[in-house]
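Here the structure is a predicted model, which means the values were calculated and not measured. Positions are given from 1 along the sequence.
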Amino acid sequence: MPDHTVKAYDEQLSRLRDTLMRIGGNVETALAEAVSALGRRDAAAAAAIVQRDVEVDTLYRSVEDQAVRLLALRQPMANDLRLIVGAIRMGLDLERIGDYASNIAKRAIVLSQLPPVVSVGPIQRMSRLVQEMLKDTLDAFASYDAAKAKDVWQRDEQVDEAYNAVFRNLLTYMMEDPRNITPCAHLLFVAKNIERIGDHATNVAETIRFIVLGEEAEGERPKSDDSPFAIVEPPVGG
């Protein structure tokens with residue numbers, strides 16, 4: 001191809017990567033701010049996060065448009081093809097992370113209007129695990145680091161274990177006092193949203209491995225979510 005055509009093609013690929021990084025940065029911030037608003041019981045901050053979710057949706061549509069245009073006009077091969085196909089996969093996962101962060105913010109708005117009945121500390125600690133996974137995933141994409149992406153993939157089990165603990169703790173509070181049911185139910189949804197964000201971060205890590213090495217993840221993803229089988233004993237005298 002002529003030099004100017006090669007340069008334009010490289011610029012289009014760079015723009016696609018930059019758009020993905022912008023989505024990643026937006027959803028990373030949204031998660032951190034949503035959990036912070038939850039802890040501070042700050043309904044106004046949570047509402048702002050919900051309103052900003054449209055920016056992520058717009059960026060994702062841009063990723064789709066850029067990727068389809070590149071596929072149609074450039075007929076990419078090998079590494080470039082994997083990047084473009086992977087970008088669509090990554091964009092969808094990141095967009096879903098944005099949706100879950102928005103859902104957390106919506107729950108934070110409701111919970112700010114209810115009396116605090118239980119500490120959100122365990123949920124905040126769980127969120128920090130996921131935030132670190134998400135940050136490391138984006139770093140792995142920025143540096144095309146398949147080893148770092150694999151490390152994120154392996155850490156999903158830690159999030160499941162944290163979720164199981166939160167799940168059992170909140171169920172216990174709900175069984176102890178019926179007045180706890182509504183706020184704890186909202187917190188259960190928050191915890192599940194955070195756990196799902198961890199799953200999507202892991203999906204992104206798998207896609208990065210595909211982009212860099214041309215390989216899908218080896219073996220089954222480590223999972224430890226046993227909440228569907230959880231049995232919580234009622235409190236003594238309950």
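Taken together through direct or relayed side-chain contacts under 4.5 Å among Ile, Leu, Val, Met, Phe, Trp and Tyr, V85 and I23 form part of one hydrophobic cluster. In this structure, L16 is not a member of the same hydrophobic cluster as V68, with clusters built from ILVMFWY side-chain heavy atoms closer than 4.5 Å. Grouping the Ile, Leu, Val, Met, Phe, Trp and Tyr side chains by contacts below 4.5 angstrom, directly or via other members, places M174 with Y163. Hydrophobic clustering, with ILVMFWY side chains joined whenever heavy atoms are under 4.5 angstrom apart, keeps I88 apart from L92. Note: the hydrophobic cluster containing L171 does not contain F189 (ILVMFWY, side chain heavy atoms under 4.5 Å, direct or indirect links).
For E55, the side-chain hydrogen bond (donor to acceptor under 3.5 Å, both in side chains) criterion is met by no residue, not counting sequence neighbours. In this view, L83 and L13, R17, F141, Y144, I211 satisfy the side chain to side chain contact (heavy atoms under 4.5 Å, CB included) rule, not counting sequence neighbours. By the side chain to side chain contact (heavy atoms under 4.5 Å, CB included) test, T58 pairs with V54, R61, sequence neighbours left out. With sequence neighbours left out, V110 forms a side chain to side chain contact (heavy atoms under 4.5 Å, CB included) with L114, H186. Residues passing the side chain to side chain contact (heavy atoms under 4.5 Å, CB included) test with D151, sequence neighbours excluded: R155. Applying the side-chain hydrogen bond (donor to acceptor under 3.5 Å, both in side chains) criterion to D145, with sequence neighbours excluded, gives no partner residue.
Put simply, the side chain of D42 does not reach to within 4.5 Å of the side chain of S112, judged on heavy atoms. V118 is listed as a side-chain neighbour of L170, based on a closest heavy-atom distance under 4.5 Å. I208 has its side chain within reach of V204: a pair of non-hydrogen atoms, C-beta onward, lies under 4.5 Å apart. Inter-residue side-chain proximity for L38 and L187 is flagged as met; some heavy-atom pair is nearer than 4.5 Å. Side-chain atoms of R168 and N164, non-hydrogen and from C-beta on, do get closer than 4.5 Å to each other. A 4.5 Å side-chain heavy-atom check between V152 and L134 finds every atom pair outside the cut-off. At a threshold of 4.5 Å between non-hydrogen side-chain atoms, the residues K192 and L188 do not count as touching. Put simply, the side chain of I194 does not reach to within 4.5 Å of the side chain of V166, judged on heavy atoms.
In terms of modelled atom types and a separation under 3.5 Å, the side chain of T202 and the main chain of G198 share a donor-acceptor contact. Formation of a donor-acceptor pair under 3.5 Å by the T137 side chain with backbone atoms of M133 is found in this model.
Pairs of residues two or more places apart, or lying in two chains, that qualify as salt bridge (charged side-chain N to carboxylate O under 4.0 Å, His left out) and include a residue from residues 87-103 are R89-E216, R96-D99. Legend: side chain to side chain donor-acceptor pair (under 3.5 Å) pairs involving residues 76-86, not counting sequence neighbours, sorted by first then second residue: Y9-D80, N79-R82. Pairs of residues two or more places apart, or lying in two chains, that qualify as ring pair (Phe, Tyr, Trp, His ring centres under 6.0 Å) and include a residue from residues 82-119 are Y100-H200. Counting only residues at least two apart or in different chains, ring pair (Phe, Tyr, Trp, His ring centres under 6.0 Å) contacts with residues 20-64 are absent. Listed by first and then second residue, the ring pair (Phe, Tyr, Trp, His ring centres under 6.0 Å) pairs that reach into residues 18-48 come to none, sequence neighbours excluded. The side chain to side chain donor-acceptor pair (under 3.5 Å) pairs that include a residue from residues 18-36 are T19-Q66, E33-R52, S36-R40, where partners are two or more places apart or lie in different chains.
Atoms OG and CD, from S127 and E195 in turn, are 13.0 Å apart once rounded to the nearest 0.5 Å. The CD1 atom of I123 sits 11.5 Å away from the CZ atom of R107 when rounded to the nearest 0.5 Å. The structure places CE of M175 at 12.5 Å from SG of C184, a figure rounded to the nearest 0.5 Å. Here the CD1 atom belonging to I197 is positioned 4.0 Å from the CD1 atom belonging to I104, to the nearest 0.5 angstrom.
A pairwise comparison of heavy atoms in V50 and A105 identifies CG2-CB, 3.8 Å as the closest pair. The minimum heavy-atom distance linking V63 with A87 is given by the pair CG1-O, 3.6 Å. Looking at every heavy atom in both residues, A205 comes nearest to A149 through CB-O, 3.3 Å. Taking each heavy atom of L138 and G25 in turn, the nearest pair found is CD1-N, 4.1 Å. The two residues A101 and L31 have their closest heavy-atom pair at CB-N, 3.8 Å. Closest non-hydrogen pair, F210 versus G86, comes out as CE2-N, 4.4 Å.
In the displayed structure, Q75 atom CD is contacted under 6.0 Å by at most 12 heavy atoms of other residues, nucleotides or ligands.
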Passes side-chain hydrogen bond (donor to acceptor under 3.5 Å, both in side chains), R74 versus Q12? Steps please.
CA-CA 10 Å; R74 300 296 186 179; Q12 290 169 339; 3.0 Å; yes
Give the C-alpha distance, both sets of side-chain angles, the deciding distance and a yes or no for salt bridge (Lys or Arg N to Asp or Glu O under 4.0 Å) between R209 and E206.
CA-CA 5 Å; R209 178 182 175 86; E206 291 177 352; over 6 Å; no
